[in-house]
Amino acid sequence: SNNNRFIIAESGGKKIMSFQNRTMLWETELQNDIKKIVVNKDGYIGVIFSQVGYKSGFLFLDPTGKEIFRKLFANTTLIDADISPKGDLVAMIEADVSSAIINSAISFMSANGQIVYSEIEDDVLMSGIRFIDNSNVIAVGDNKLVKIDKNYQRTVFDDFSNKTVSGINLENEGKIIE
């Protein structure tokens, strides 16, 4: 949600609906099952969905429900995503679980669906990613917390070698709860 607008999606279903106050603004139905949605403050929407023949897919919609781009992923499964406050960048967590060792990637897509950055995190399952501001991102995994800045410089904040991270939440003013 953002201010007086909110988005409802059927988890495992196909429908997405946008409301302002109590009025439905638009509704759309995907051909594939919705796994997760994310919405930024300006109403841009990212949808992670299943796709036959692929590991997963991502749909990017503008605040009116118009499709900006759709991207399919053949080799990795999308775990989480977030949209920058300006709506010009999508941060994603991709996972490759095809071998005995799980690898994750922190990736960024431009507003036209091009991958502009991707960094592999070996032997870690990254599970959450959030923009702190328009260009800095925090990603959390099962054994580390990583910050990536606007120049795609990676900093490991903490190594949770003997702890387990179950989730991440960013509160206002950029405070991180882990």
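Position 1 is the first residue of the sequence, and the numbers go up from there. Values below: every heavy atom of this structure, side chains too, minus hydrogens, waters and symmetry copies.
Residues forming a salt bridge (Lys or Arg N to Asp or Glu O under 4.0 Å) with E27 (at least two apart in sequence, or on another chain): K15. Scanning for side chain to side chain donor-acceptor pair (under 3.5 Å) contacts around D149 gives an empty result, with sequence neighbours left out. The side chain to side chain donor-acceptor pair (under 3.5 Å) check on D133 picks up N136, with sequence neighbours excluded. Take K147 and apply the side chain to side chain donor-acceptor pair (under 3.5 Å) test, not counting sequence neighbours, and it matches no residue. Judged as a side-chain contact (heavy atoms from CB on, under 4.5 Å), and not counting sequence neighbours, the contacts of L59 are L30, V47, F49, L61, E67, R70. When the side-chain contact (heavy atoms from CB on, under 4.5 Å) test is applied to Q114, the partners found at least two apart in sequence or on another chain are S110, N112. Shown here are the ring pair (Phe, Tyr, Trp, His ring centres under 6.0 Å) partners of F19, two or more places apart in sequence or in another chain: F6. Partners of E29 by side chain to side chain donor-acceptor pair (under 3.5 Å), not counting sequence neighbours: none found. The salt bridge (Lys or Arg N to Asp or Glu O under 4.0 Å) search around K86 returns none, not counting sequence neighbours.
For the pair I79 and E94, the minimum side-chain heavy-atom distance is 4.5 Å or more.
A pairwise comparison of heavy atoms in I93 and A139 identifies CD1-CB, 4.1 Å as the closest pair.
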*asked:* Go through it in stages, so that I can follow the logic: the residues are V146 and T155, the test is side chain to side chain contact (heavy atoms under 4.5 Å, CB included), and I'd like the CA-CA distance, side-chain angles, deciding distance and then a yes or no.
replied: CA-CA 6 Å; V146 177; T155 304; over 6 Å; no
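Using a cutoff of 4.0 Å between basic side-chain nitrogens and carboxylate oxygens, K144 and E121 are scored as salt-bridged.
Checking side-chain atoms of D82 against main-chain N and O of A91 turns up no donor-acceptor pair under 3.5 Å. No donor-acceptor distance shorter than 3.5 angstrom exists from the side chain of S135 to the backbone of K150, with no hydrogens or angles considered.
Evaluation of the ring-ring contact (aromatic ring centres under 6.0 Å, His included) test over residues 103-124, restricted to residues two or more places apart or in two chains, returns F108-Y117, F108-Y152, Y117-Y152.
Other residues sharing the hydrophobic cluster of I115, ordered by chain and number and joined by side-chain separations under 4.5 Å: V38, Y44, I48, F58, F60, I68, F69, F73, L78, I83, V90, M92, M109. In this structure, V52 shares a hydrophobic cluster with no other residue, the cluster being traced through Ile, Leu, Val, Met, Phe, Trp and Tyr side chains under 4.5 angstrom apart.
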